[in-house]
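So that the names make sense, note that chain A is the first sequence line, chain B the second, and so on, each numbered from 1.
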There are 2 protein chains.
Amino acid sequence: MEQPRWLDEREARVWQAYLAVNRELHSALERQLVRDSGLSNADYALLAPLSEAADGVVRSRELGALVGWERSRLSHQIGRMEKRGLVAREECVEDARGSMVRLTPTGRAAIESAAPAHVETVRRYVFDALSADEVEVLDRVFRRVLDRIADGG
Amino acid sequence: MEQPRWLDEREARVWQAYLAVNRELHSALERQLVRDSGLSNADYALLAPLSEAADGVVRSRELGALVGWERSRLSHQIGRMEKRGLVAREECVEDARGSMVRLTPTGRAAIESAAPAHVETVRRYVFDALSADEVEVLDRVFRRVLDRIADGG
DNA sequence: CAACAATTGATGACACGTCAACATCTTGCT
DNA sequence: AGCAAGATGTTGACGTGTCATCAATTGTTG
């Protein structure tokens, strides 16, 4: 690392604002979810793709890919949700290493009851504040940043 | 909750992209920090404002305000950093309830050695990918979202 | 000043996330 | 077939984040 290329004033402000949005949005959504339906952001992240799958059954590996989580994180979260009866683990027929995750009736009821208020909250805090042009800029920008991170180091 | 106003296709895509940026950026930065300097994002978040304060001493309450953390989170993190010798707690003279946080020489060495590579990583993943116009849009958008969340409910 | 309220910080319990290590199974190579 | 390499999932340890609660102190108000 030679001469560090520091952030200029505007960049530093935007970076701090990004960190703040992260923090505040995450905790606002978590509070709303827990209060209105007893689900956490982590619960919701898994229940959403499960509820969209045929029969509410998804292979663990694929569920991980859908939400972008590592195996260990996924396994721990599924374990916690299993204890509360939101999902159930089943053996995988095609691949004896694998494990299937099944959405229980309790889990389906939970996500269906949570979704409207959750989406409404996202809309209220985020999309109601944005013009169509701004949404388009965000789309491009987020995708570009993701590409950069994926392109390694 | 009457008719839920669902997100349209583009909004849903952008929301997923936002969640992915969060996830990937946070973990990429964490990995870089831990690898190159043994600090976590949480460590860095506290060391940065401490290193900019006169004498490296900040009252706990104010440090919390600077980084936007709740008291409990701050107290736990300071405790962990104190164990590793990065900061030290001292009594507060003006207010016997309070507690002062002091950056130790070890802590200062850590943040000064970590900062250049960390900033370089933020620049590489984020700001090098953005035009000046896009940075300006992000500035406005982030601020508007923060205002909405702060305006309660 | 006394009583009540608010602020500040610490703590324990528990949820969440990451890493390294492990067991098990599948795949690919020879 | 047989073996090495990779894939899949789980586990334990530990760092991180939130909530409820507590103790101590300060602020406010009658």
Side-chain angles (χ1 to χ4, degrees), chain A residues 19 22-35 37-47 58-84 86-102, chain B residues 19 22-35 37-47 58-84 86-102:
Chain A
L19 295 175
N22 250 257
R23 209 172 51 228
E24 301 303 324
L25 202 45
H26 180 276
S27 73
L29 292 176
E30 174 90 12
R31 268 195 304 273
Q32 181 273 318
L33 268 177
V34 170
R35 174 167 49 80
S37 36
L39 295 180
S40 65
N41 280 319
D43 297 332
Y44 194 95
L46 294 194
L47 292 177
V58 178
R59 180 151 175 200
S60 197
R61 174 188 55 177
E62 183 176 343
L63 187 54
L66 287 171
V67 298
W69 288 10
E70 308 170 14
R71 281 171 297 155
S72 161
R73 178 180 182 182
L74 185 63
S75 181
H76 282 300
Q77 183 63 28
I78 291 174
R80 288 187 292 261
M81 292 171 71
E82 197 176 21
K83 273 190 203 158
R84 294 189 291 145
L86 296 170
V87 299
R89 279 195 248 236
E90 300 178 359
E91 288 176 5
C92 183
V93 185
E94 317 100 62
D95 186 339
R97 291 170 301 184
S99 154
M100 308 295 287
V101 184
R102 172 182 297 280
Chain B
L19 295 176
N22 255 344
R23 212 171 51 227
E24 301 303 324
L25 203 44
H26 180 276
S27 73
L29 292 175
E30 175 92 11
R31 268 195 304 274
Q32 180 273 317
L33 269 177
V34 170
R35 175 167 49 80
S37 38
L39 295 180
S40 66
N41 281 319
D43 297 331
Y44 194 95
L46 294 194
L47 292 178
V58 179
R59 180 154 175 197
S60 197
R61 173 189 53 176
E62 184 178 341
L63 187 54
L66 287 171
V67 298
W69 288 10
E70 307 170 15
R71 284 171 295 155
S72 163
R73 178 180 181 182
L74 185 63
S75 182
H76 281 300
Q77 183 64 29
I78 291 174
R80 288 186 294 260
M81 292 171 71
E82 197 176 23
K83 274 191 204 159
R84 294 159 48 213
L86 297 169
V87 300
R89 281 193 247 235
E90 299 178 0
E91 286 176 3
C92 182
V93 184
E94 317 99 63
D95 186 339
R97 292 169 300 184
S99 153
M100 308 294 287
V101 183
R102 173 182 297 279

**Student:** Does the base of D:dG9 carry an N or O that pairs as donor and acceptor with the side chain of A:His76 under 3.5 Å?
**Tutor:** no

**Student:** Between B:His26 and A:Glu94, which residue's closest nucleotide on DNA chain C lies nearer the 5′ terminus?
**Tutor:**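 Comparing both residues, the 5'-ward one is B:His26.
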
**Student:** For the side chain of B:Arg73, starting at C-beta, report the closest nucleotide among D:dG17, C:dT26, C:dC16.
**Tutor:** D:dG17

**Student:** Base, sugar-phosphate, or nothing: which does B:Arg59 touch, judged by heavy atoms less than 4.0 Å apart?
**Tutor:**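 Sugar-phosphate: the residue B:Arg59, judged by heavy atoms under 4.0 Å, touches backbone atoms but no base.
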
**Student:** So what does A:Arg61 touch, heavy atoms closer than 4.0 Å: a base, only the sugar-phosphate, or nothing?
**Tutor:**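 Sugar-phosphate contact only.
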
**Student:** Measuring to OP1 and OP2 of D:dG15, would you say a side-chain N or O of B:Gln77 lies under 4.0 angstrom away?
**Tutor:** no

**Student:** How many angstroms lie between atom OH of B:Tyr44 and atom CG of B:Leu29, to the nearest 0.5 angstrom?
**Tutor:**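 Result: 10.0 Å between the selected atoms.
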
**Student:** Could you tell me whether the side chain of A:Arg71 has a donor or acceptor atom within less than 3.5 Å of a complementary atom in the base of D:dG9?
**Tutor:** yes

**Student:** On the side chain of A:Arg97, is there an atom forming a donor-acceptor pair with the base of D:dA7 - under 3.5 Å, no angle test?
**Tutor:** yes

**Student:** For the pair made of CG in A:Leu25 and C1' in D:dG17, what is the distance, rounded to whole Å?
**Tutor:** 17 Å

**Student:** Inspect the contact between B:Asp43 and B:Arg80 and indicate whether a charged nitrogen and a carboxylate oxygen are less than 4.0 angstrom apart.
**Tutor:**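 Judged by the 4.0 Å cut-off on N to carboxylate O distance, B:Arg80 and B:Asp43 do not form a salt bridge.
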
**Student:** Reading DNA chain C from 5' onward, which residue's closest nucleotide shows up sooner: A:Ser40 or B:Ser72?
**Tutor:** B:Ser72

**Student:** Regarding A:Arg89, tell me which of base, sugar-phosphate or nothing describes its non-hydrogen contacts under 4.0 Å with the strands shown.
**Tutor:**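 Since only primed, P, OP1 and OP2 atoms lie under 4.0 Å of A:Arg89, the category is sugar-phosphate.
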
**Student:** Under 4.0 Å between any heavy atoms, over every strand shown, what does A:Asn41 touch: base, sugar-phosphate, or nothing? Just pick one.
**Tutor:** nothing

**Student:** I need the CG-C1' distance between A:Leu29 and C:dA15, as an integer number of Å.
**Tutor:** 17 Å

**Student:** So, are A:Arg59 and A:Asp95 salt-bridged, with charged N and O less than 4.0 Å apart?
**Tutor:** yes

**Student:** Please tell me which of the listed nucleotides, D:dG17, D:dC19, C:dT18, lies nearest to the side chain of B:Ala42?
**Tutor:**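 Out of D:dG17, D:dC19, C:dT18, the nucleotide with an atom closest to B:Ala42's side chain is D:dG17.
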
**Student:** Counting side-chain heavy atoms from CB outward, which of C:dT18, C:dG9, D:dT18 is closest to B:Ser99?
**Tutor:** C:dG9

**Student:** Taking for each residue the nucleotide of DNA chain D bearing the nearest heavy atom, is the 5' side occupied by A:Met100 or by B:Asp43?
**Tutor:**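 Residue closer to the 5' terminus by nearest nucleotide: A:Met100.
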
**Student:** Out of D:dT10, C:dC25, C:dT18, which nucleotide sits closest to the side chain of A:Ser75?
**Tutor:** D:dT10

**Student:** Scan B:Arg84 against the nucleic acid and name what it touches under 4.0 Å (heavy atoms): base, sugar-phosphate only, or nothing.
**Tutor:**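 B:Arg84: no heavy atom of the nucleic acid under 4.0 Å.
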
**Student:** Looking at C:dG17, D:dG15, D:dT25, which one has an atom nearest to any side-chain atom of B:Ala96?
**Tutor:** D:dT25

**Student:** Select base, sugar-phosphate, or nothing to describe what B:Ser60 touches, counting heavy atoms under 4.0 Å on all strands.
**Tutor:** sugar-phosphate

**Student:** Could you tell me the separation between the CD atom of A:Glu24 and the P atom of D:dG17, rounded to a whole number of Å?
**Tutor:**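 A:Glu24 atom CD is separated from D:dG17 atom P by 13 Å.
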
**Student:** Looking at every strand, decide which applies to A:Glu30 at a 4.0 Å heavy-atom threshold: base, sugar-phosphate, or nothing.
**Tutor:** nothing

**Student:** For B:Arg80 and D:dG17, what is the distance between atoms CZ and P respectively, to the nearest whole Å?
**Tutor:**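 One finds 7 Å between P of D:dG17 and CZ of B:Arg80, rounded.
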
